[in-house]
There are 2 protein chains.
Amino acid sequence: MAKLCVQLEDIRAAAGRISKHAHRTPVLQSVSINRILGAELFFKCENFQKVGAFKFRGALNAIACLSEEKLKRGVATHSSGNHAAALARAAKLAGSNAHIVMPSNASTVKKAAVEGYGATITYCEPTLEARESTLNQILAREGRSLIHPYNDPRIIAGQGTAALELLEEVKDLEVVMAPVGGGGLLSGTSIAVSETLPSASVIGAEPLNADDAYRSMQSGEIEPSHSPQTLADGLLTSLGDLTFAIIKELCAGIVTVSEESIIEAMRLVWERMKIVIEPSAAVPVAALLEKRGEIPGNRVGVILSGGNVDLERLPWAR
Amino acid sequence: MAKLCVQLEDIRAAAGRISKHAHRTPVLQSVSINRILGAELFFKCENFQKVGAFKFRGALNAIACLSEEKLKRGVATHSSGNHAAALARAAKLAGSNAHIVMPSNASTVKKAAVEGYGATITYCEPTLEARESTLNQILAREGRSLIHPYNDPRIIAGQGTAALELLEEVKDLEVVMAPVGGGGLLSGTSIAVSETLPSASVIGAEPLNADDAYRSMQSGEIEPSHSPQTLADGLLTSLGDLTFAIIKELCAGIVTVSEESIIEAMRLVWERMKIVIEPSAAVPVAALLEKRGEIPGNRVGVILSGGNVDLERLPWAR
C-alpha cells in the first residue's frame with residue numbers, strides 16, 4: 001500500500017492551526033430520530049461552523065500553511081458554493097485576499113457572502129471547462145496560490161478535524177458517516193477514524209443522481225459524473241485522485257440515496273432537531289432512512305456538513 | 001404592594017421538580033446578529049426544549065405538584081398549540097393522562113403530536129366560549145384537574161425556570177426579553193430576573209396585531225384582544241389576572257412589533273444561527289430590529305420560546 005498523502009499527524013497539526021478561528025461545533029442527539037432509525041446517532045453539527053459549513057476548516061488550514069510571501073500574493077479557486085465563502089473568509093482573517101471564479105448562475109446569496117468577505121469575483125460560463133480556464137488565466141496573471149476545494153492534502157487534513165473532534169467527544173462509535181462529493185470531507189474523515197478508532201467503519205453517502213464515488217469504488221477507477229442533477233448541490237463534484245486514493249483504501253463503502261429520501265431526511269432533522277441543514281448534509285441521514293440494512297452498527301456518528309439553504313426554495317414547498 | 005402569587009422560591013422549587021425530565025437548553029450567540037443589532041445577545045434556546053417549546057417546563061411543574069389521587073383522575077385543558085402537547089407529554093411521564101379540548105381548526109401536526117403522547121382530544125368550535133364550555137363539561141364529568149395554560153402559579157413558576165438557567169449561565173445581563181401572549185413566560189421571567197438580578201430590566205415583546213399586554217400596561221386594566229390576527233400563533237391569548245398582576249409590577253415595558261418585523265427576525269435567526277424558531281419566538285428579536293432605541297442596555301438575554309413551525313407554510317414563501 002502506497003503511503004497516503006495525508007496522515008493523522010497532518011490532521012492533528014491542522015486542528016492546532018485552525019483552533020483559534022474555527023468553532024468546535026457541538027455534537028447533538030435526538031431521541032426521536034434515534035427511535036425512528038433504530039440507532040444511536042451523534043450529529044457533528046458543522047452547520048454551526050463559520051460560513052455555515054465544514055469547508056471553513058480546510059480553507060483555514062490551507063491558508064495557515066502559506067508563507068508570508070504567498071499570503072501577500074493571495075489565493076484563488078473556483079467554486080459556486082461553500083468553499084468560495086470559506087476561502088474568502090479564511091484569506092481575509094489571515095490578512096490575505098482571495099480571487100474566486102464563480103459560475104454566472106451561482107445563487108445571489110452565495111455571491112453576496114463571498115463579496116461580503118472582501119474577495120474578488122470573476123464570473124464565467126457555468127461549465128467546468130470555463131471555470132478551470134478562467135482560473136488558470138488568473139493564476140498565471142496574478143501569481144496567486146491555488147487552493148483546490150478538495151484535491152489538496154491541506155484541505156483534506158483540515159476537513160478531517162471535524163471527525164477528530166467527534167471521536168474525542170463520543171466514545172465507542174461503530175460507524176462514522178459523511179456525505180461525499182469531491183471527497184475532501186470523506187477522505188479526511190476516513191483517515192481520522194481509521195487511525196484513532198480502527199474498529200469503526202467509515203461510510204460515505206451520496207445522491208444516486210451523482211453516484212460517481214459509488215461507481216468509482218465498484219470499478220476501482222475514477223468514474224466522474226457528467227452534469228449530475230441533485231438537490232444536494234454541495235455534492236455535484238466528482239472525486240479527485242488524492243481523495244479517491246484515500247477513500248478506496250480506508251472507506252468501508254458508499255451508500256446511494258434517492259432525491260425523495262434526501263428531502264425526507266432534511267425535513268426530519270429540521271422538524272425533530274430544530275436545526276437548519278442543507279440537502280447535502282441530509283444525505284447520510286437519508287442513507288440511514290433508506291438503507292438501514294446496509295449500515296452495520298448501532299452507535300453512528302454523522303457529520304452534518306452544512307446549513308446553507310435558500311429559504312425561499314425549500315424542496316418540500318415545490 | 002400585594003404579595004405576588006409566585007415567588008423566587010417557587011421557581012427554584014419548580015427547577016428541582018422538572019430537572020429530571022426537562023432539558024437544560026443551551027444559550028447560543030451569533031456574532032453576525034450582534035453586529036446587525038448593535039448589542040450582545042444571549043439566546044436561551046427553548047426551541048430545543050422537549051415538545052419544542054418552554055411550555056413543557058410549566059406543564060411538568062404543574063403535574064409534579066399534583067397528589068397521587070389527582071394524578072389518577074387525570075388533567076385537562078384547552079389549547080390549540082404547545083401547551084396541549086406539553087401537558088399531554090408531562091401527564092404521560094407521570095403515569096397520568098390528559099384530556100385536551102382543541103379547536104377543530106388546529107393544525108394536523110399539532111393534533112398528531114397531542115395524540116402521539118396518548119392524550120384524549122375533544123374537538124370544538126374555534127371560539128373561546130366553545131373551548132371553555134367544552135372544557136367545563138369535561139372537568140365536571142371526569143373530575144380532572146384543570147391545568148390552565150398560563151393563569152396558574154404552578155405554570156408561571158415552571159416557565160420562570162428558563163430565565164433562572166439563563167441568569168446562572170450568563171452574568172451581568174442588562175435586559176432580559178421574552179414574548180408575551182397569556183403572560184406565563186413573561187411573568188415567570190419577571191420574577192426570576194427581578195429577584196436574582198434586580199439591576200436588569202425585563203421587557204416583553206408583542207405583535208402589534210395582538211397588543212393586549214401593551215394596552216393593558218397603558219390603562220392599568222386587562223384589555224383583552226378580540227380575534228387578533230398574527231403570524232405569532234403562540235401569542236393570540238390575552239393576559240390573565242395572575243400574570244398581569246406580576247407583569248404590571250415587575251416588567252419594565254412592552255414593545256410592539258409589526259408582522260413584517262416578525263418575518264424578518266425569524267428569517268434572520270434561521271439564516272444566521274441555523275436554528276428553527278417559530279414566529280412567536282422571533283418577536284423579541286423583531287423588537288430589537290424595529291425598536292432598538294426603546295430597549296436600553298447592551299447585554300441582552302432573549303428567550304427563544306419555541307420551534308414548532310409548519311414547514312409547508314413559511315411566512316416568507318407566501
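First the proteins, then the strands, lettered A, B, ... as listed; each starts at 1.
Of the possible polar contacts, none joining the B/Lys274 side chain to the A/Phe48 backbone as a donor-acceptor pair under 3.5 Å is found. Between the side chain of A/Trp316 and the backbone N or O of B/Leu311 there is at least one donor-acceptor pair closer than 3.5 Å.
In this structure, A/Gln229 places its CD atom where only 12 or fewer heavy-atom neighbours from other residues, nucleotides or ligands lie under 6.0 Å away. Under a cut-off of 6.0 angstrom, the local environment of NZ in A/Lys171 is crowded, with over 12 non-hydrogen atoms contributed by other residues, nucleotides or ligands.
Your options are B/Asn47, B/Ile275, B/Val109, and the one with the most heavy-atom pairs under 4.5 Å with chain A is B/Ile275.
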